[in-house]
Structures are given as C-alpha cells and as structure tokens.
Q: 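I have a structure here, written as structure tokens, and I will follow up with some questions on it.
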Amino acid sequence: MSIKRGDVVGHCAAVEWGSGKVVEVTAKWVSIHFNDGVIRKIACSHFEKLTPAESSSFKPVPSVATKVAVEAVGKVKKRAGRKAA
C-alpha cells in the first residue's frame with residue numbers, strides 16, 4: 001500500500017483508534033491523527049497493518065493534550081521588578 005499525506009487509513013490491530021488521517025510521511029514512519037484524538041507514529045515495518053478507509057470516516061475528537069497546553073499558557077504570570085544580572 002502506498003501511503004501519502006492526506007490519506008485516510010485504519011489500523012487493523014487497533015480498531016479502537018478509529019480511522020486516521022496521514023499528516024506526515026518520512027522514510028521510516030508515518031504520523032497519523034486518529035479519530036480518538038491522538039497522533040501516532042507508525043513505523044514502516046508496520047505499514048502492512050494499515051488499511052485504506054473511507055475519507056468520511058475520519059472525524060477526530062479534540063486532543064486533550066492540546067486543550068491542556070492552551071489552558072496552561074493562560075495561567076502564566078509575569079514577574080515584576082526583575083533585575084538584570
């Protein structure tokens with residue numbers, strides 16, 4: 001199976017992840033954003049476990065890690081009166 005950016009695939013050994021959209025392709029792995037909201041890197045040695053999926057089946061939930069990172073940035077406080085060293 002030829003895999004390129006934008007393809008929608010499934011992982012036959014992890015159906016609970018749902019469908020995923022390929023977001024990055026390198027010589028050694030592909031990065032796939034799955035419906036469960038997690039971006040996973042799949043090594044080229046495991047490409048045979050990826051199967052084509054309908055493009056309409058890709059409906060990811062927002063990533064919890066992204067949400068936490070955005071909230072954490074809003075809570076950062078600046079220090080007042082810092083002296084130059």
Side-chain angles (χ1 to χ4, degrees):
M1 175 177 166
S2 174
I3 300 173
K4 62 184 185 301
R5 187 174 180 198
D7 286 349
V8 177
V9 297
H11 194 292
C12 67
V15 292
E16 65 275 7
W17 296 347
S19 297
K21 186 175 236 179
V22 177
V23 293
E24 187 177 1
V25 179
T26 71
K28 296 183 179 188
W29 49 265
V30 293
S31 183
I32 303 172
H33 185 190
F34 284 94
N35 277 345
D36 64 358
V38 179
I39 297 174
R40 295 179 173 89
K41 290 182 180 178
I42 308 297
C44 63
S45 60
H46 292 89
F47 281 5
E48 73 275 358
K49 295 184 185 206
L50 299 175
T51 57
E54 291 290 325
S55 57
S56 60
S57 67
F58 176 66
K59 296 177 181 145
V61 295
S63 173
V64 174
T66 303
K67 184 178 177 184
V68 170
V70 171
E71 290 174 356
V73 171
K75 295 180 182 178
V76 174
K77 293 182 180 180
K78 294 182 180 178
R79 290 185 183 180
R82 285 182 73 179
K83 294 182 181 180

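The figures here come from the full heavy-atom set of this structure, side chains too, leaving out hydrogens, waters and symmetry mates. Nothing fancy with the numbering, it's 1 onward along the sequence.
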Q: So Ile32 and Arg40, do their side chains get closer than 4.5 Å, heavy atoms only?
A: no
Q: Quick one: OG on Ser31 to NE2 on His33, what's the gap to the nearest 0.5 Å?
A: 9.5 Å
Q: Examine distances only and state if a side-chain atom of Asp36 and a backbone atom of Glu16 form a donor-acceptor pair shorter than 3.5 Å.
A: no
Q: Rounded at 0.5 Å granularity, tell me how far CD1 in Ile39 sits from NZ in Lys41.
A: 10.0 Å
Q: To the closest 0.5 Å, what do you measure between CG (Leu50) and SG (Cys44)?
A: 11.0 Å
Q: Determine the minimum heavy-atom distance between Lys21 and Gly6, stating which atoms define it.
A: CE-O, 3.8 Å
Q: Same cluster for Phe58 and Val23 if Ile/Leu/Val/Met/Phe/Trp/Tyr side chains link at under 4.5 Å?
A: no
Q: For Trp17, which residues count as a ring pair (Phe, Tyr, Trp, His ring centres under 6.0 Å) partner, sequence neighbours excluded?
A: His11, Phe34
Q: Do Trp29 and His46 come within less than 4.5 Å of each other through their side chains, counting heavy atoms only?
A: no
Q: Give the minimum heavy-atom separation between Asn35 and Ser57, together with the two atoms involved.
A: ND2-O, 2.9 Å
Q: Any chance CD of Glu54 has more than 12 other-residue heavy atoms, nucleotides or ligands included, within less than 6.0 Å?
A: no
